[in-house]
Colleague: 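Please read through the structure below; I'll follow up with questions.
Treat the numbers as computed from the prediction; the structure is a model and nothing was measured.
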Amino acid sequence: QLPTVQYYNVDEGYREIDMISSEIYGTPFFAYLIQFYNNDFRETFPEGTKLKLFSVDDLNEVYYKLSSESKLGNNT
């Protein structure tokens, strides 16, 4: 079950992306999707960072973007 919140704010110090994923989604395995969804591929985010979180509906869009980029990468 995905959270109903739309944003994650890094409040104190730095947060690693896998820890953010674990806190919000219950698993570190969504870390790359959070990075991809925000077009920000840092491993650690400083205080004051606001990350947009994906919903169930957004997952289809993210999946298709990743699939199309993967196909483009295979053709070059």
Side-chain angles (χ1 to χ4, degrees):
Q1 182 176 6
L2 297 178
T4 57
V5 295
Q6 295 179 341
Y7 294 96
Y8 179 87
N9 294 305
V10 178
D11 291 330
E12 297 179 18
Y14 288 84
R15 297 286 293 172
E16 294 181 7
I17 189 63
D18 59 337
M19 298 304 290
I20 293 171
S21 177
S22 292
E23 183 178 330
I24 298 298
Y25 298 108
T27 177
F29 298 112
F30 287 127
Y32 178 75
L33 291 177
I34 296 169
Q35 291 169 313
F36 183 83
Y37 194 63
N38 285 276
N39 196 31
D40 189 337
F41 295 93
R42 293 179 283 179
E43 293 292 321
T44 305
F45 292 88
E47 185 174 335
T49 301
K50 185 175 187 176
L51 296 170
K52 190 167 62 167
L53 300 175
F54 54 85
S55 67
V56 171
D57 295 333
D58 297 330
L59 282 178
N60 282 332
E61 178 184 339
V62 169
Y63 172 77
Y64 287 118
K65 282 184 181 179
L66 284 170
S67 294
S68 66
E69 285 186 10
S70 175
K71 289 176 187 175
L72 289 174
N74 289 336
N75 292 332
T76 57

Colleague: Indicate if Y7 and Y37 have the same hydrophobic cluster label, given that clusters are the connected sets of ILVMFWY residues with side-chain heavy-atom separations under 4.5 angstrom.
Modeller: no
Colleague: Can you measure from CG (N38) to OG1 (T49) and round to the nearest 0.5 angstrom?
Modeller: 10.0 Å
Colleague: Side-chain contact, heavy-atom cut-off 4.5 Å: I24 with F30?
Modeller: no
Colleague: For the pair S68 (side chain) and Y64 (backbone), establish whether a donor and an acceptor sit closer than 3.5 Å, ignoring hydrogens and angles.
Modeller: yes
Colleague: When rounded to the nearest 0.5 angstrom, what distance separates CE in M19 from CZ in F45?
Modeller: 14.5 Å
Colleague: Once you round to the nearest 0.5 Å, how far does CG of D40 lie from CD of Q35?
Modeller: 7.5 Å
Colleague: Taking only residues two or more places apart in sequence or in another chain, which ones pass salt bridge (Lys or Arg N to Asp or Glu O under 4.0 Å) with K52?
Modeller: none
Colleague: Do I34 and Y8 have side chains that get closer than 4.5 Å, going by heavy atoms?
Modeller: no
Colleague: Looking at the rings of Y25 and F54, which for Trp means the six-membered one, are their centres under 6.0 Å apart?
Modeller: yes
Colleague: Does the side chain of Q6 reach to within under 4.5 Å of the side chain of L53, using non-hydrogen atoms?
Modeller: no
Colleague: Can you tell me how far apart CD (E23) and CG (D18) are? Round to the nearest 0.5 Å.
Modeller: 11.5 Å
Colleague: Atom CD1 in I17, atom CZ in F41: separation rounded to 0.5 Å?
Modeller: 10.5 Å
